[in-house]
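Below is one structure, written out as structure tokens; comments come after it.
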Amino acid sequence: MHSQTFNAVAVLLLATRSNGHKQKGDACLALSKALPGQVSFPNSTLYAIENNYWSQRQAALEPSCFVAPSKTADVSTAIKILTSLDQPFSVKGGGHAAFPGASNVEDGVTIDLFRLTEMTISADRKTVSVGAGNRWINVSETLDPLGLAVVGGRVSDVGVGGLILGGGISYFSGRYGWACDNVRNYEVVLSSGKIVNASPAANRDLYWALRGGAGTNFGVVTRFDLASFEQGDLWHRSLIFPGQLNTTLIPIFHNLTVNGLPSDPAAHTYFLLTYLEQLGGFAVLTSQFHSTPPPSLPAQEFIPSIFSPFNAVAQAAIVNTTTIANISTVSQSISQPSGSQQIWMNVAVSVASPSASQLLIDIVPLWQSYVANLLSQVPSSNGTQLLTPYLIFQPMSSNILTAMQVAGGNTLGLDVKRGPRMIVQLSVTWSDAGLNRLVEKKTKELIDDINKLAKRRNLDDGFVYMNYAEPSQDVFSSYGRENKDRLKRVARKYDPTEELKRLWRGYFKLG
Ligand SMILES: Cc1cc2nc3c(=O)[nH]c(=O)nc-3n(C[C@H](O)[C@H](O)[C@H](O)COP(=O)(O)OP(=O)(O)OC[C@H]3O[C@@H](n4cnc5c(N)ncnc54)[C@H](O)[C@@H]3O)c2cc1C
């Protein structure tokens with residue numbers, strides 16, 4: 001017997017009482033015996049590196065140890081030990097979820113997947129197998145030189161795992177749907193430690209559940225086999241305007257979402273408002289992307305016709321940059337540094353009706369008074385702004401919703417017949433942990449107010465996108481009762497003893 005396997009078996013036997021009941025034990029010790037060299041303890045350099053998260057709200061937690069398995073079998077060993085010892089744990093992919101405990105745990109064990117970095121490309125170039133410890137920059141830096149891409153994250157440092165398992169908005173969603181719609185196969189470690197595949201050919205119910213259902217309720221995904229396609233450089237234009245132009249720009253953006261995007265699946269866009277003192281206060285930014293720029297034209301000479309309605313106002317832009325570059329370059333250009341406190345919340349509104357343009361406009365003053373309130377309590381210090389707020393509109397246009405159904409559909413419950421939606425996302429970055437409760441409270445109140453406003457106008461949708469949500473938001477109910485019940489049935493089948501349900505702390509649970 002392989003010595004590592006032997007160690008694991010010995011530890012499991014030690015951990016189980018003769019009457020078959022489980023007892024709590026020193027999980028970190030057991031893990032370090034079974035998986036030598038893969039466990040890090042507080043005060044070590046590796047522990048300090050692993051306890052880095054995008055959001056300080058997560059990094060503030062201190063697990064008893066991190067275990068970083070080198071291969072799928074080691075993930076299985078770790079899960080067997082943790083469940084046999086009744087040990088609470090969490091799983092870290094790229095560590096980009098914003099709220100505390102999403103992928104870290106106080107006084108428990110955090111399984112850090114960072115060593116699972118394999119990447120292989122099939123001979124026919126149609127499938128890229130990506131280890132769950134990769135970030136999107138690893139994927140694009142491998143695929144760019146080959147002229148290939150996958151439907152993945154837009155920002156370089158974000159982890160592959162969390163983004164795909166919660167949905168995954170991509171530059172290529174207009175044509176292919178979200179990242180979760182483009183997984184051909186998941187390799188998964190279940191709560192029993194068993195390693196299974198989930199695909200249209202094997203464990204179909206689990207395959208469906210993992211398309212938007214998160215890993216937390218089903219298992220640790222160790223490898224994603226992603227559909228790949230031929231792809232060259234991306235066109236990217238970024239326009240920044242003075243904030244008061246929002247009432248001119250929002251109707252253009254609304255029309256783009258409803259009528260423009262469905263006519264050009266190669267286009268992708270989002271729209272945000274922020275408050276930045278160095279830009280003179282409130283500012284509007286619209287980022288536009290196109291995945292099939294003509295190879296011979298310089299970036300500035302190519303403006304996809306779908307984005308031309310912005311040309312009339314482009315001369316009012318404070319910043320107007322246009323580039324054509326590979327995915328790695330674009331994804332690095334919009335990356336956001338780690339090390340601050342972060343919160344994200346969101347809710348979708350229906351935008352099919354022309355009146356939705358006014359709804360989006362009317363959300364802005366609600367957000368502005370929330371910003372004024374927060375900034376009044378967090379004044380700038382020596383000219384440095386200590387809190388930066390964002391209001392972001394991300395379209396779920398009808399072509400995206402239709403593309404989601406092509407490869408079998410997902411768990412999100414986004415029926416295209418109900419028309420296009422807009423994800424209204426709130427995001428705040430700040431430095432002082434003493435403000436966490438205030439920002440959490442105010443942001444939750446604003447999301448409630450936006451929802452109420454949308455309801456009053458009959459434009460509420462209710463969908464909450466997991467990857468931008470706070471734990472107080474009922475993500476799974478927003479998928480609809482039928483999908484939630486179906487997800488629960490799948491969770492019961494693959495976690496029959498409810499060990500993941502009890503021990504995997506943090507993220508969104510089916511209840
Ligand atoms: C700067 C930035 C840019 C972003 N850009 C986009 C974007 O373009 N599109 C988009 O849709 N979202 C985007 N997001 C949101 C992002 O999808 C979520 O934050 C996502 O959770 C990040 O995944 P992660 O693996 O880095 O996070 P983590 O915090 O490591 O994980 C999030 C959750 O997923 C679980 N998990 C991670 N890996 C696995 C696995 N292999 N098996 C089982 N469970 C796992 C974790 O346990 C945790 O519950 C962005 C976020 C940030 C901070």
Side-chain angles (χ1 to χ4, degrees), residues 50 52-55 57-59 61 69 72 75 79 89-105 108 110-114 116 130-137 151-173 177-181 183 186-191 198 209-210 212-224 268 270 287 289 327 330-332 334-340 342-344 346 390 392 394 396 400 412 423 425 427 429 465-471 475 500 504-509:
E50 293 186 283
N52 262 308
Y53 284 79
W54 179 69
S55 165
R57 289 168 78 215
Q58 284 237 70
L61 303 187
T72 300
V75 175
I79 289 288
F89 68 92
S90 67
V91 176
K92 180 186 181 194
H96 271 62
F99 60 85
S103 49
N104 203 3
V105 61
T110 296
I111 304 175
D112 187 346
L113 301 175
F114 84 90
L116 303 183
V130 179
N134 281 293
R135 313 277 176 128
W136 289 107
I137 188 67
V151 181
R154 293 167 294 186
V155 179
S156 51
D157 287 342
V158 176
V160 161
L163 182 132
I164 298 177
L165 289 163
I169 303 176
S170 166
Y171 299 122
F172 308 110
S173 290
W178 284 2
C180 67
D181 303 308
V183 183
Y186 302 81
E187 181 187 75
V188 192
V189 176
L190 303 177
S191 63
L210 290 170
T216 339
N217 301 288
F218 305 102
V220 182
V221 177
T222 45
R223 199 191 70 232
F224 299 86
H268 177 74
Y270 55 85
S287 258
F289 305 87
I327 296 166
V330 175
S331 76
Q332 281 167 315
I334 59 169
S335 82
Q336 295 176 38
S338 58
S340 299
Q342 305 279 356
I343 190 168
W344 286 16
N346 78 101
Y390 302 92
I392 308 158
Q394 304 222 39
M396 289 192 283
I400 298 176
L412 307 173
I423 295 175
Q425 181 190 352
S427 159
T429 300
Y465 179 31
M466 178 184 294
N467 286 358
Y468 300 153
E470 271 282 290
V475 169
L500 295 188
W504 188 335
R505 296 291 153 84
Y507 224 48
F508 298 95
K509 296 294 218 179

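Only heavy atoms go into these numbers, but all of them, side chains included; no hydrogens, no water, no symmetry mates. Just follow the structure's listing: the first ligand is 1, and inside any ligand the first atom is 1.
- Remark: the backbone N or O of I400 is not paired with any side-chain donor or acceptor of W178 at under 3.5 angstrom.
- For the side-chain hydrogen bond (donor to acceptor under 3.5 Å, both in side chains) test, residues two or more places apart in sequence or in another chain that qualify with E187 are T72, T222, R223.
- With sequence neighbours excluded, no residue forms a salt bridge (charged side-chain N to carboxylate O under 4.0 Å, His left out) with R135.
- For the side-chain contact (heavy atoms from CB on, under 4.5 Å) test with Q58, the passing option among S338, S103, S90 is S103; the others fail.
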Quick check for students: name every N or O atom pair between ligand 1 and the protein closer than 3.5 Å, with distances.
residue: ligand 1; atom: 8 (O); partner: R154; partner atom: N; Å: 3.3
residue: ligand 1; atom: 8 (O); partner: R154; partner atom: NE; Å: 2.7
residue: ligand 1; atom: 8 (O); partner: R154; partner atom: NH2; Å: 3.3
residue: ligand 1; atom: 8 (O); partner: I169; partner atom: O; Å: 3.4
residue: ligand 1; atom: 9 (N); partner: I169; partner atom: O; Å: 2.9
residue: ligand 1; atom: 11 (O); partner: I169; partner atom: N; Å: 2.7
residue: ligand 1; atom: 11 (O); partner: Y465; partner atom: OH; Å: 2.6
residue: ligand 1; atom: 17 (O); partner: N467; partner atom: ND2; Å: 3.1
residue: ligand 1; atom: 19 (O); partner: H96; partner atom: O; Å: 3.3
residue: ligand 1; atom: 23 (O); partner: L163; partner atom: N; Å: 3.3
residue: ligand 1; atom: 25 (O); partner: G94; partner atom: N; Å: 2.9
residue: ligand 1; atom: 25 (O); partner: G162; partner atom: N; Å: 3.0
residue: ligand 1; atom: 26 (O); partner: G94; partner atom: N; Å: 3.3
residue: ligand 1; atom: 26 (O); partner: G95; partner atom: N; Å: 3.4
residue: ligand 1; atom: 26 (O); partner: H96; partner atom: N; Å: 3.2
residue: ligand 1; atom: 26 (O); partner: G159; partner atom: N; Å: 2.9
residue: ligand 1; atom: 27 (O); partner: H96; partner atom: N; Å: 3.1
residue: ligand 1; atom: 29 (O); partner: H96; partner atom: N; Å: 3.3
residue: ligand 1; atom: 29 (O); partner: A97; partner atom: N; Å: 3.0
residue: ligand 1; atom: 29 (O); partner: S103; partner atom: OG; Å: 2.6
residue: ligand 1; atom: 30 (O); partner: G93; partner atom: N; Å: 2.7
residue: ligand 1; atom: 30 (O); partner: G94; partner atom: N; Å: 3.3
residue: ligand 1; atom: 30 (O); partner: G95; partner atom: N; Å: 2.7
residue: ligand 1; atom: 41 (N); partner: V221; partner atom: O; Å: 2.8
residue: ligand 1; atom: 42 (N); partner: V221; partner atom: N; Å: 3.0
residue: ligand 1; atom: 47 (O); partner: V91; partner atom: O; Å: 2.6
residue: ligand 1; atom: 49 (O); partner: A102; partner atom: O; Å: 3.0

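- The aromatic rings of F508 and F99 sit perpendicular to each other, their planes meeting at more than 60°, with 30° as the lower class boundary.
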For residues 159-170, which side-chain donor-acceptor pairs fall under 3.5 Å, sequence neighbours excluded?
residue: S170; atom: OG; partner: G152; partner atom: N; Å: 3.4
residue: S170; atom: OG; partner: G152; partner atom: O; Å: 3.1
residue: S170; atom: OG; partner: F172; partner atom: N; Å: 3.0

